[in-house]
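Notes follow once the structure below has been shown.
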Amino acid sequence: MTDPNDPMAEIRASFFIECEELLEALQDGLQEMYDGNDDTETINVVFRAVHSIKGGAGAFGLEALVRFAHRFETVLDEIRAGRMSPDPDALKLFFQCADHLSDLVRFSRDGEDIPEAETAKLLTLLDGLLGDTGGPSGQAEEEEEIDFQPATLTLDLDFSDVEDLPEDIEPLDVLSNPAHAGTTTYVISFKPENELFETGNEPLHMLRALEEMGHCTVVCQTEKLPALEALAPETAYISWLVELESEVEEAEVASAFEFVEGLCELDISVKQTDADVPAHAVVSEGIAKPPAVPERALGEQENVALSSDKPATPGPDTALGPGKPIVKQSAKAAPAAAPAKSVVRVDLDRIERLVNLVGELVINQAMLSQSLESSGLSPHSDAMNGLEEFQRLTRDIQDSVMMIRAQPVKSLFQRMSRIVREASAAVEKDVRLVTEGDSTEVDKTVIERLADPLTHMIRNAVDHGLETTEERLSAGKPAQGHVRLTAAHRSGRVVIEVSDDGGGINRDKVHQIALDKGLVSPDVNLSEAEIDNLLFLPGFSTASVVSDLSGRGVGMDVVRTAIQGLGGRITISSTPNVGTTFSISLPLTLAVLDGMVVQVADETLVLPLNVVIETLTLSNKDVEMVRPGANVVRVRSGFVPLFDLGAELGYRQPVDDYEGSVVLLIAHEDEGLAALIIDSIQDQRQVVIKGLDDSFYRAPGIAAATILGDGQIALILDTSDIISTAIGGANAVSVSSFTGAAS
C-alpha cells in the first residue's frame, strides 16, 4: 500500500488513476480492431496506451508491470510496423493481455502478489507471435533485461574550438556520409513545465520514443540551471534540443509528446539545409563535468547522444554542430500544444456530502415556499420575487451536483467484456459481446452497485442462454453466439438490457424443477410470465452440475434483490429458439427528482414529472369498456388503457363515474401510453428521494418516499411498475395493444 508520508504518494496515485483511462482506451482500440477497424490510428492508440503504462510504471520501479507491458508493446510494434497482421486468435490473446495488464496495475497499486504463473503463460504466447514474424523484435526477447536504475547517457561533447583537451580523452572521427534519400531532419525544442513531473511523466521516455524513429542527436540545455544552493527541487530548469533524421511524418514525431500536451513548451520544425559535420568529436563515459566550453550559438550546452545498440534508421551519425542556423519552414507550421484540460479529482465521500446538503437545501426551500404562500403575501411582493430567484438557484445547484455524480456506463460495460471472455472460455463456447449505448449516463452510485448483478446476468447468458456450438450449428445458427448489452434512457429512467440469441427459456424444464423442489404447488396453473419469474426464486437453478459459473442456486434471486435495492426492477422476455432478454429499469439518480404532487383518496403521492405527458379532464363519453374491468380512454385519434390509481394501490374501489375525473397520460417504458385517474394535482416541485428501510414491506409501485414542505411524508410512485402490475391482471388491457394512441 502507499505510504502516506511518501512525497511521491500523490503522484503515484495519479499514475494509477491515469492507468484506468489508458486501459479504457486500450480496450476500445482492441474492440475496434476486433470489429475490423485496423487502421493506423487505431493501432497507434493501442500501442500508445501500453507504452504510456510502461513508461509511468518504470518511473515508480514497478518491474513486473514494466516487463509485461514491454513484451506486449513489442508485439504491438510489430503490427504497427506492418510486419505482423493480427488474426482473430491473436486479437483474443491481446484481449487477455489487456485484462492481465489491468490486473497487474491493480496488484501494483494495492501491493498484492503478482500472479507470476499467469504472466509467464501469456508471455510465452506473445513470444509465439513474435517467433512467427521472424523480425528483429522477436529475437533474443527472452534474454532482454530492463534496467530500472537511472538511465546512463553517453556524452557526445564537441570541443572543436577548445585549445587544450584533457590528456585522457582521445579524439574520435565521425562519419560524414550524406543522409539517405527521403529522410527529413526535424529540430525539436522541448522544455517541460513543473506540472509534467508532478503528473509522473518522464522526459527520458519521450526522448527514447524519438530515438526509435531514427537517428537522434539530443542537446541537453542546462544554461538555466542555477547553483546547487539556489536550486528548487520542484522547478524544471532543463530543456532539450533534438535533431532527428527520420522517414516518419511530422505528426508521428508530435505523437511522442501527446500525453504531455499542455505540460511543456514544444516546437517542431523542419531543417531546410544539412548541417556540416564537425571534423571530430570526443566521447566520454558517464555524466561527468566537462571542461570549460566557450559560449556558442546554442549557449553553454552539453551535446548528449542517447546510446543505442541498433543502427540509426536513416543512415549515418550526424551531430548538431555549434553555431549552425536552424530555419523553420513556413509551409508546414509546427503543431501547437493544446491547452491541458483541467481536472480535479475529488473523493466520492465529499460529493456524497454535497449531495446530501443539496437535498436539505431543497427541503428547506420547499418549507420556505409553503410558509410564504400560506402567509397571504402578494405574488408580486419582494419576498415572493426573492423566493422565485431562490428556487431557480436551488435548481441550478441541484442540476450541477447531479452532473458531477453522473457517469457513462462505458467502464461498467468494459468490465462485462472481460466477464464474457472468461465465461466463454470456461464453458468452451464462442461468444461475442455486443454493446450499445455505453455513453448513457447514470448516477455513479448506481453504476457501482450494478456491477455484481450484471456480472451474474452475463454469466447466466453465456452458460445457460447460449447453446453449445454443436447445438447452434444443428439449429441452423452461426457457431458464434452473441450476448447484447444495451443502455438507454426511457421515460425518465435508465433501462439496461442483457439479451442473447440462444434457445430461450425451456419453460417446461423450469416448471418441473420448481415442482421437484417444492417451490410451487402442483395444482397451480402458471402463465408463461409466471414461469419465467420462477428463475428469481431463492435456491432455484437449472444447472445439473455445479461449476465455477453456476449450479449452486445463487444468482438471479441475488440479482433481483440488488436491483430492487436500487429502486429498480427486472423483467424477462423469452422466445423459444430466438433468445432471452433481461431488462433492468433503474432511476436516473438516487438523490433529487422533479415531481408532481397529487391527491388520491386523501393520500398525498408524488409521481416523477418526466413520465407525465399531459393532463386530461374526462367525461363519461370519453371512456369505452373493452370488457368488464378493462377500460380505455379516447385520446384524440387513438385509445389508451385507463387505470384507477387509487384502486391499483388498494386505497378504494374503482370509480364508476368518470365525469370530471382528472387523468394523467403516462409514458410507459415499452414506449406505450397509459392513463391514470387521480383526484387532483397539488403541486409541481423538486423532492428529495429518501429510500425506504429494509424493514418496510416492498409494495408494488412504491419506489421511495420524500418529505414535503409542510413536513408531511409522501410516497414516490413507480408508475411503470403500477402499470405493469395492472397489465398483468386477468382483466387488464395491454398497453402495447394500443399503438395508435396519439403522441
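Computed from a predicted model, the values in this text were never measured in an experiment. Position 1 is the first residue of the sequence, and the numbers go up from there.
Remark: the backbone N or O of Val248 is paired with a side-chain donor or acceptor of Tyr186 at under 3.5 angstrom. A distance-only check finds no donor-acceptor pair linking the side chain of Asp500 to the backbone of Val483 [under 3.5 Å]. Looking at Glu73, its side chain never comes within 3.5 Å of a backbone N or O of Phe47 through a donor-acceptor pair. A distance-only check finds no donor-acceptor pair linking the side chain of His456 to the backbone of Asp557 [under 3.5 Å]. Side-chain atoms of Ser246 come within 3.5 Å of backbone N or O of Met213 as a donor-acceptor pair. A donor-acceptor distance shorter than 3.5 angstrom exists from the side chain of Ser574 to the backbone of Ile505, with no hydrogens or angles considered.
Taken from CG in Leu93 to CG in Leu122, the straight-line distance is 6.5 Å, to the nearest 0.5 Å. Note that the OG1 atom of Thr119 and the CZ atom of Arg71 stand 11.0 Å from one another [nearest 0.5 Å].
The environment of CG in Asp87 is crowded: more than 12 heavy-atom neighbours from other residues, nucleotides or ligands sit within 6.0 Å.
A salt bridge links Lys410 and Asp28; the closest N-O separation between the charged side-chain nitrogens and carboxylate oxygens is under 4.0 Å. Between Glu467 and Lys477 there is a salt bridge, with a side-chain nitrogen of the basic residue lying less than 4.0 Å from a carboxylate oxygen of the acidic one. Between Glu243 and Lys271 there is a salt bridge, since at least one side-chain N of the basic residue sits less than 4.0 Å from a carboxylate O of the acidic one.
Judged by distance alone, the side chains of Asp39 and Thr42 do bring a donor and an acceptor atom under 3.5 Å apart. Side-chain polar atoms of Thr440 and His489 form no donor-acceptor pair below 3.5 angstrom.
Using cut-offs of 30° and 60° for the angle between ring planes, the Phe257 and Phe190 rings count as tilted. Using a 30° and 60° split on the angle between ring planes, Phe94 and Phe72 fall in the tilted class, from 30° to 60°. Taking the six-membered ring where tryptophan is involved, the planes of Phe60 and Phe15 are tilted, since the angle between them lies from 30° to 60°.
At a threshold of 4.5 Å between non-hydrogen side-chain atoms, the residues Ser108 and Phe16 count as touching. When side chains are defined from C-beta on, Met84 counts as touching Val75, because their heavy atoms get closer than 4.5 Å. Between Val270 and Glu250 the shortest side-chain heavy-atom distance falls below 4.5 Å.
In this structure Gln96 satisfies the side-chain hydrogen bond (donor to acceptor under 3.5 Å, both in side chains) test with no other residue, sequence neighbours excluded. With sequence neighbours left out, the side-chain hydrogen bond (donor to acceptor under 3.5 Å, both in side chains) criterion links Glu41 to Arg48.
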Side chain to side chain donor-acceptor pair (under 3.5 Å) evaluation trace for Ser102 with Asp99: CA-CA 5 Å; Ser102 177; Asp99 294 338; over 6 Å; no
Side chains of residues 425-433: which donor-acceptor pairs under 3.5 Å do they make with residues two or more places apart or in other chains?
{"from": "Lys429", "atom 1": "NZ", "to": "Val462", "atom 2": "O", "distance (Å)": "3.0"}
{"from": "Lys429", "atom 1": "NZ", "to": "Asp463", "atom 2": "O", "distance (Å)": "3.1"}
{"from": "Lys429", "atom 1": "NZ", "to": "Leu466", "atom 2": "O", "distance (Å)": "2.5"}
{"from": "Asp430", "atom 1": "OD1", "to": "Gln480", "atom 2": "NE2", "distance (Å)": "3.4"}
{"from": "Arg432", "atom 1": "NH2", "to": "Asp35", "atom 2": "OD1", "distance (Å)": "2.1"}

